[in-house]
Amino acid sequence: MAQHLKSSSKSILLNILRHNIGFSSPSHASRHLRHNLPHGPLTTRLSPNPITRYCNTMVDTLSSIGSHEDTNSQVMDFPGGKVAFTPEIHFISESNEERVPCYRVLDDNGQQLTNSQFVPVSKEIAVKMYSDMVTLQMMDNIFYEAQRQGRLSFYATAFGEEAINIASAAALSPDDVIFPQYREPGVLLWRGFTLQEFANQCFGNKSDYGKGRQMPVHYGSNKLNYFTVSATIATQLPNAVGAAYSLKMDEKDACAVTFFGDGGSSEGDFHAALNFAAVMEAPVLFICRNNGWAISTPTSDQFRSDGVVVKGRAYGIRSIRVDGNDALAMYSAVHEAREMAIREHRPILIEALTYRVGHHSTSDDSTRYRSADEIEWWNKARNPLSRFRTWVESNGWWSDEAESDLRSKIKKEMLEAIRVAEKTEKPNLNHMFSDVYDVPPLNLREQELLVRQAIKSHPQDYPSDVPL
Amino acid sequence: MASLLGRFCRKLVVPGSAHGSRMISTTACDSEAVKSLNLYSAINQALHIALETDPRSYVFGEDVGFGGVFRCTTGLAERFGKNRVFNTPLCEQGIVGFGIGLAAMGNRAVVEIQFADYIYPAFDQIVNEAAKFRYRSGNQFNCGGLTIRAPYGAVGHGGHYHSQSPEAFFCHVPGIKVVIPRSPREAKGLLLSSIRDPNPVVFFEPKWLYRQAVEEVPEHDYMIPLSQAEVIREGNDITLVGWGAQLTVMEQACLDAEKEGISCELIDLKTLLPWDKETVEASVKKTGRLLISHEAPVTGGFGAEISATILERCFLKLEAPVSRVCGLDTPFPLVFEPFYMPTKNKASSSSSLSSPLKKKHYLIMGLHVWCRYWMQSSPLLITSHSICFFR
């Protein structure tokens with residue numbers, strides 16, 4: 001991959017200049033052209049004037065009309081705008097000749113590419129990003145082990161996707177509302193959700209903000225603007241569009257951000273959401289974690305397009321493909337996407353290529369459908385943590401000592417969090433009946449009485465750790 | 001045929017006019033300004049008021065911009081702007097999903113599904129997102145500002161996909177409310193309540209009544225409470241429960257029964273989820289008989305829930321099995337619609353309204369009771385049989 005970049009770096013740079021870090025858009029959207037950009041960190045900002053985005057997509061303004069020399073060509077009106085005719089029977093190919101290139105800043109070894117463009121990251125942010133990636137990885141490890149020990153009913157790790165989790169969160173503002181799938185706890189971590197709070201939800205104790213109602217990893221936090229996880233795939237996508245529309249109408253300097261996997265892009269809600277986002281001109285970021293697997297289903301069984309990035313254009317959405325294991329690339333892409341989304345009231349699609357190193361969840365053994373060698377290779381050779389660590393260290397911002405200090409601190413905190421969460425009592429029984437509606441209706445009040453009677457008659461049928 | 005003619009020709013008459021038993025009204029008093037409106041105009045008025053009184057409220061759906069295929073959204077886009085009242089792409093899952101997102105941010109989203117027959121793509125969003133939004137988040141979030149409106153029910157020529165009554169599917173979902181108005185005045189008040197209720201509501205509008213029903217509707221902003229059934233006709237011999245357009249049919253059945261000397265109590269449930277069991281229970285304890293009628297297919301229809309609940313609560317008071325006079329277990333047919341529909345005559349001949357007991361048999365039973373009383377002087381035996389005559 002690095003070879004390829006070196007040899008064709010110039011053409012890639014031209015592409016980048018033309019398409020604003022690779023966001024594919026019609027060529028006449030010249031407002032975002034950056035002339036004479038220096039290599040290295042981006043220094044120019046977007047045009048301060050809000051753009052009427054219809055100019056990009058209305059067919060009327062296509063410059064190609066009228067320039068045909070062929071007298072057989074005509075231009076005619078149809079609903080939807082003018083379209084040039086052609087006498088040739090020509091089918092648009094099912095794919096481009098080459099796959100959409102993938103934006104990255106660091107090479108596989110964590111060395112910054114010489115011609116890379118990226119948004120600069122301060123020492124403070126970089127160190128926090130790296131620390132949080134380590135924290136996320138360790139948290140996942142320890143919770144996973146806890147489930148194996150029978151202390152947790154279930155867990156799902158984000159191994160391999162730490163850069164997507166943390167770097168995207170770092171590039172957003174706390175006011176941006178998040179609609180996660182279920183493999184993005186790093187966004188919560190970045191925003192300040194504590195290890196104790198994570199543990200409380202996993203153990204479903206009375207301190208769980210979700211009041212013990214859902215399985216582990218179904219986090220939610222209104223104070224951190226992170227909507228509660230639901231296990232249904234891609235249902236959060238159209239919700240994010242509605243939330244984005246609200247932010248636009250309320251003129252907030254914020255966007256909605258929603259995450260989903262390669263599998264999620266097959267769901268109807270994906271198509272519904274992208275289409276709505278484009279039509280409603282909603283400031284929403286669609287971040288696809290293309291990690292190659294939807295449980296046991298590889299992407300070759302998921303779609304036949306060039307991944308997910310090409311689907312954006314079908315809906316009139318500016319899109320980019322990013323190396324999801326490159327923290328700096330993720331940060332830059334999300335940062336730029338956010339600015340565009342809010343300033344121009346448009347959706348952006350980001351396809352972050354990555355690899356799901358862990359099993360789908362604790363209910364899955366992925367060695368049954370993929371080789372252990374493949375998993376190991378991605379874990380070692382393409383690890384997002386080691387790549388970013390190299391870059392952070394190269395700036396003199398990290399060391400082995402800092403690493404071991406961090407790791408021992410996290411381990412201690414995690415074990416304590418689990419210890420406390422485990423012995424904290426469960427939520428009261430009345431929370432089974434509250435919040436179904438704003439106020440419990442009569443039928444629920446009756447049912448609670450019936451349940452309580454049943455508990456009195458047959459206490460042995462019921463767990464003793466739920467306070468009555 | 002009488003029932004069909006009834007559907008095509010009659011107007012829904014204002015409660016209080018001379019049609020047998022007094023109807024109880026719980027809405028506006030006579031002195032307030034009223035206007036004669038049909039159902040779609042009443043709904044239109046409610047939407048105008050909703051958008052007027054809350055600047056963070058939105059109305060959207062397919063074809064909503066020009067006024068909607070049933071004209072319920074006439075004038076809204078012109079008055080409140082295309083940012084608040086707008087067309088959406090043709091995608092019910094997107095419409096409802098988008099509405100949930102808007103509502104989750106504290107807005108009121110009044111979403112239109114063009115026909116209830118097309119609501120199913122949104123079923124996942126309604127069941128797995130809207131209904132559980134508050135509960136799963138531990139009340140950190142909610143989408144109570146969401147109201148989904150959809151025209152439902154037979155229209156005379158709608159066939160499979162313009163006539164469905166899908167209320168039963170939604171009544172099985174804890175976390176949402178299901179509301180069905182019977183008339184223009186009810187619709188305006190119930191819709192405003194639904195929009196302002198802090199829970200997601202599915203609001204089915206009887207499309208048959210959009211033009212057919214005309215009523216005096218108060219012009220001001222008023223709300224009719226949810227989960228409160230209304231006894232719209234008092235009676236002593238039998239309780240009839242229904243909702244929406246079916247009530248006009250049942251009302252006819254009540255009038256016919258009255259000619260036979262049967263006094264019918266008619267209840268409009270209004271809210272199906274959560275439903276007002278107490279009102280129905282009190283009524284059945286008084287009358288001893290229950291007949292439920294709905295257009296939706298009988299098997300698994302909401303009538304089954306009412307029947308089972310009343311059986312549990314009123315078993316000893318029941319003099320006859322609960323009757324359900326409903327649509328048949330077929331897809332809603334076109335040519336066969338008149339055969340499919342639960343007509344007033346089907347209601348009249350149902351077992352509740354027509355007991356197998358003949359008049360003379362009843363007199364004998366009455367005599368038996370009287371004799372036992374004479375012998376045992378127990379007042380309880382008398383009160384367990386009220387004096388009614390049934391065909």
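Order of the sequence lines fixes the chain letters, A, B, ..., with proteins taken first and strands second; residue numbering starts at 1 for each chain.
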A:Glu446 portion near chain B, given a 4.5 angstrom heavy-atom threshold: side chain

Below 4.5 Å from any heavy atom of chain A, which atoms of B:Lys277 appear? Answer side chain, backbone, both or neither. side chain

Between B:Glu129 and A:Thr235 the two heavy atoms that sit nearest each other are OE2-OG1, 2.8 Å

What part of A:Thr232 gets closer than 4.5 Å to chain B, counting heavy atoms only: side chain, backbone, both or neither? side chain

Let me know if A:His431 has heavy atoms under 4.5 Å from chain B in its side chain, its backbone, both or neither. backbone

Judged by atom type as modelled, is there a donor-acceptor pair below 3.5 Å linking the side chain of A:Asn222 to the main-chain atoms of B:Gln140? yes

Can you list the residues of residues 110-127 of chain B that sit under 4.5 Å from chain A, counting heavy atoms only? B:Asp124, B:Gln125

Cut-off 4.5 Å, heavy atoms of chain B, and the answer for A:Phe227 is both

Mind ranking B:Met105, B:Glu278, B:Arg84, B:Arg136 by heavy-atom pairs under 4.5 Å with chain A and telling me who comes out on top? B:Arg136

Output field: ring centroids B:Phe60/A:Phe276 closer than 6.0 Å: no

A:Arg213 NZ/CZ over B:Tyr135 ring centroid, <6.0 Å and within 45° of normal: yes

Using non-hydrogen atoms and a 4.5 Å limit, figure out which bit of A:Val439 sits close to chain B: side chain, backbone, both or neither. neither

Looking at every non-hydrogen atom in both residues, tell me the closest pair between B:Pro89 and A:Met280 and how far apart they are. CD-CE, 4.0 Å

Which atoms of A:Tyr226 are under 4.5 Å from chain B, going by heavy atoms: the side chain, the backbone, both sets, or neither? backbone

Please state whether the side chain, the backbone, both or neither of B:Thr88 comes within less than 4.5 Å of a heavy atom of chain A. both

Of all heavy-atom pairs between B:Gly175 and A:Tyr437, which one has the smallest distance, and what is that distance? N-OH, 3.2 Å

Name the region of A:Met432, side chain, backbone, both or neither, that has any atom closer than 4.5 Å to a heavy atom of chain B. both

Toward chain A, the part of B:Ile95 with a non-hydrogen atom under 4.5 Å: both

So which bits of residues 191-203 of chain A come within less than 4.5 Å of chain B, counting non-hydrogen atoms only? none

B:Asp276, B:Asn142, B:Ile176, B:Asn87: which one forms the most heavy-atom pairs within less than 4.5 Å of chain A? B:Ile176

